[in-house]
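Working notes for the structure below.
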Amino acid sequence: MSQEIRNLAIIAHVDHGKTTLTDRLLYQSGMFRAEDLDKLAGGQHGLIMDSGDLERERGITITAKNCSVRWTDDRTKKSYKLNLIDTPGHADFGGEVERVLNMADGCLLVVDSFEGPMPQTRFVLSKALALGLKPIVVINKIDKASARPDAVVNEIFDLLVALDAPEYALDFPIIYASGREGWGTLDRAKCEEGKRPKDLLELFQAIVDHIPAPYAQGSPRSAAAGFKSREEALAHSLQIMVTTILYSDYVGRIAVGRVTAGTIRGSMPVSLVSRTGEVTKQRTLKVEVFEALGRTEAKEVSAGDIVAVVGLEHVEIGATIADIDNPVALTPVEVDEPTVTMAFRVNDSPFAGRDGKFVTGRQVGDRLIRELERNVALRVEREPGADAFQVSGRGLMHLGVLIETMRREGYELQVGKPRVILKEVDGVMCEPVETLAVDCPEASQNDVMSLVLGRKGELRHMDTKAGTSGWIHMEFKIPSRSLFGLRTLMLTTTRGDAVMYHTLLGYEPVRGEPPHRAAGVMIAAEPGEVFAYSLDRLYDRGDFFVSPGDEIYMGMVIGEHCKDNDLEVNLTHNKKLTNVRASGSDDQARIKPHRKMSLEACLEYIETDELVEVTPNHIRMRKRYLSDSDRKRYEKQGASA
């Protein structure tokens with residue numbers, strides 16, 4: 001049975017189409033009625049695997065997910081079970097990719113036919129090669145008018161060579177596909193209109209032909225696991241590395257992982273070895289395997305398959321489920337360290353408690369601790385003597401998704417300005433630096449270079465994007481802290497034409513002061529309701545973040561000043577009611593459309609003396625000290641220090 005299993009991860013850079021391709025594999029597997037799958041689809045792109053609310057709103061994959069399809073090869077009449085692992089493509093969620101790759105024996109490397117390999121492509125491919133996964137390259141979106149598949153294939157080969165890929169990885173099959181249209185072919189000539197196939201049959205065939213079965217003789221993944229054959233893995237004592245934690249209101253935690261060795265059954269005594277080496281004796285309630293989009297109970301699950309174990313207490317990601325008499329722990333998955341940190345505080349604003357159900361420091365702290373159980377790239381430390389926590393993650397989006405999730409669950413909190421995590425290397429204080437890739441039209445080239453170089457970036461590579469006309473590809477090395485707010489400036493500078501991505505490169509000595517916000521802010525001097533009359537009087541002072549009818553409090557950041565200093569203004573002043581009227585003057589009130597600030601935009605915008613207040617219904621910015629006298633006292637203390 002195990003020889004009919006294929007475990008494969010689908011990896012790619014963000015927006016290269018891996019989740020769309022996974023959905024098409026589900027549709028064409030023959031296991032589902034199309035109408036049933038259509039009911040599950042949703043979000044920006046009508047996807048099935050992106051099932052979370054945030055994933056569907058943002059159009060990105062945030063968490064890795066398992067599914068399984070059964071497919072029969074008409075050539076041999078043999079039935080295969082394909083365990084598919086859909087992974088995130090954004091660099092901030094790289095921890096999700098790292099923890100699930102060890103469940104696979106091979107991978108589909110999906111690459112956009114125009115963009116080619118991007119920074120995150122390099123990251124996920126390097127992790128896959130380190131585990132001995134055999135790649136199949138899928139050149140996706142081949143039906144684009146701007147597609148340049150031949151140049152992209154050469155770039156992928158160059159990337160593999162640069163990563164010192166072994167011989168088996170360099171001899172990769174290439175599928176030219178359109179995930180959205182649901183077709184793929186090994187023959188480059190069939191990509192032309194009128195010659196295209198109608199399905200993904202050749203991709204299914206490539207998977208069963210080129211992705212090795214678990215512990216197949218001579219497979220690189222088998223050698224990496226330390227077994228020469230499936231028989232040797234079955235004869236070994238039980239070992240399962242827990243890579244995912246699911247939760248059920250009825251049975252509690254469910255541990256998901258690949259059966260590295262041995263066999264596991266329901267109601268079986270096992271040892272649970274924690275990451276710290278602590279061993280506890282427990283008994284499984286039942287074991288399940290992934291079937292289609294859900295799970296079904298199984299009598300036993302053997303080496304090579306992916307299992308969900310029900311009934312274990314205090315199980316965590318990185319723990320090993322081992323034999324009851326011979327508990328041998330597996331090496332936990334090593335996840336790259338966080339690079340960005342910010343302070344999570346109890347909401348103490350004048351509007352605290354109006355919207356949220358969970359507002360105390362204990363409730364916020366308990367929620368963060370629960371997040372650690374499944375978010376392996378997150379770190380949480382309590383600040384001594386304060387209702388505050390230092391929360392560290394892989395990037396601003398990583399932390400922003402956590403804050404947004406907590407907000408929707410009914411939590412109120414305040415967060416400070418994000419900071420990069422410095423560390424000492426050989427006695428020198430170093431900061432994280434990243435590779436920044438930018439694709440832009442030639443007309444915007446000088447503007448982009450000026451913007452990035454002005455933020456302490458270094459140009460490392462620049463050329464015309466192969467196979468295109470009028471597009472420039474540039475790669476920079478830039479400090480991570482210089483990336484805060486860069487995306488907004490980049491889109492403004494290039495009028496929305498530029499595409500930029502970044503991924504962690506390493507650590508280098510700190511380079512001077514970080515970039516600061518050029519403009520000051522307008523601060524509410526009085527609490528109350530915003531009136532159009534006041535906004536009209538302050539029309540030329542800058543842009544506002546509030547509109548008539550909004551309620552504000554003293555010390556709240558309500559707009560951006562047109563100069564570099566902060567300005568206190570009163571937006572609660574209304575026109576006095578008298579019996580004297582000037583003809584038409586009330587009709588001439590000028591009110592600018594207020595600037596809508598998303599959560600990530602607020603986090604990038606604030607300075608060290610400001611906070612973002614997050615509640616289920618509102619996102620506001622405020623000064624850390626609400627009154628003007630407190631702010632002046634704080635400035636004097638900072639100056640004297």
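Computed over heavy atoms, backbone and side chain alike; hydrogens, waters and symmetry mates excluded.
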Looking only at heavy atoms, the pair that brings Leu101 and Ala9 closest together is CD2-CB, 3.7 Å

Would you check if the side chain of Glu610 reaches a backbone N or O of Lys417 as a donor-acceptor pair within less than 3.5 Å? no

Distance (rounded to the nearest 0.5 Å) between Leu603 CG and Met621 CE: 10.0 Å

Heavy atoms of other groups near Asp53 CG, more than 12 under 6.0 Å: no

Looking only at heavy atoms, the pair that brings Glu607 and His516 closest together is OE1-ND1, 3.5 Å

To the nearest 0.5 Å, what is the distance between CD1 on Ile10 and CD1 on Ile85? 9.0 Å

Here the gap from Thr492 atom OG1 to Leu451 atom CG, rounded to the nearest 0.5 Å, amounts to 9.5 Å

Tell me whether Lys141 is salt-bridged to Asp112, with the criterion being a basic N under 4.0 Å from an acidic carboxylate O. yes

Do Glu412 side-chain atoms and Asn347 backbone N/O form a donor-acceptor pair below 3.5 Å? no

Heavy atoms from other residues, nucleotides or ligands near CZ of Arg367 exceed 12 (cutoff 6.0 Å): yes

Ring-plane angle category for Tyr533 and His573, please: parallel below 30°, perpendicular beyond 60°, tilted otherwise. tilted

Is the side chain of Glu613 donor-acceptor paired with the backbone N or O of Arg620 at a distance under 3.5 Å, no angle test? no

Aromatic plane relationship, His398 with Phe93 - under 30° parallel, 30 to 60° tilted, over 60° perpendicular: perpendicular

Would you tell me whether Glu526 and Thr572 have side-chain atoms, one donor and one acceptor, within less than 3.5 Å of each other? no

Do the charged groups of Lys423 and Glu337 touch, with an N to O distance under 4.0 Å? no

Under a 3.5 Å threshold, yes or no: a donor from one side chain and an acceptor from the other, between His473 and Asp463? no

Under 3.5 Å, is there a donor on one side chain and an acceptor on the other for Thr493 and Asp447? no

Is the shortest distance from a Lys or Arg side-chain nitrogen in Lys623 or Asp609 to a carboxylate oxygen in the other one below 4.0 Å? yes

Is a side-chain donor-acceptor pair under 3.5 Å present for Ser547 with Asp550? yes

Do other residues, nucleotides or ligands put more than 12 heavy atoms under 6.0 Å from the CZ atom of Arg624? yes

Reference residue Pro119; test side chain to side chain contact (heavy atoms under 4.5 Å, CB included); the match among Thr503, Val14, Leu504: Thr503

Can you tell me if NZ on Lys632 sees more than 12 non-hydrogen neighbours from other groups inside 6.0 Å? no

Polar side-chain atom of Glu600 near backbone of Leu396 as donor-acceptor pair, under 3.5 Å: no

Does a salt bridge link Glu404 with Arg407, judged by any charged N lying under 4.0 Å from a carboxylate O? yes

Tell me the closest heavy-atom pair linking Ser480 and Val420, and the distance in Å. CB-CG1, 3.8 Å

Minimum heavy-atom distance Glu155-Gly116, with the two atoms named: OE1-CA, 3.9 Å

Should Arg382 and Asp387 count as an ion pair when the cut-off is N to O under 4.0 Å? yes

Can you tell me how far CG of Asn375 sits from CG of Leu368, rounded to the nearest 0.5 angstrom? 10.5 Å

When you check the gap from the basic side-chain N to the acidic O, do Glu508 and Lys477 get nearer than 4.0 Å? yes

Side-chain H-bond candidate by donor/acceptor type, Thr615 with Asn617, under 3.5 Å: no

Got a second to check how far Thr341's OG1 is from Leu399's CG, nearest 0.5 Å? 7.5 Å

If the threshold is 4.0 Å, N to carboxylate O, is there a salt bridge linking Asp566 and Arg631? no

Compare every heavy atom of His16 with every heavy atom of Asn140, then report the nearest pair and how far apart it is. ND2-O, 3.0 Å

Thr494-Asp497 side chain donor-acceptor pair, cut-off 3.5 Å: no

Any chance the rings of Tyr411 and Phe344 have centres within less than 6.0 Å? no

For the CZ atom of Arg24 and the OG1 atom of Thr19, what is their distance to the nearest 0.5 Å? 12.5 Å

With a 4.0 Å cut-off on N to O distance, would you call Arg408 and Glu57 a salt bridge? yes

Within a reach of under 6.0 Å around CD of Glu568, are more than 12 heavy atoms found that belong to other residues, nucleotides or ligands? yes

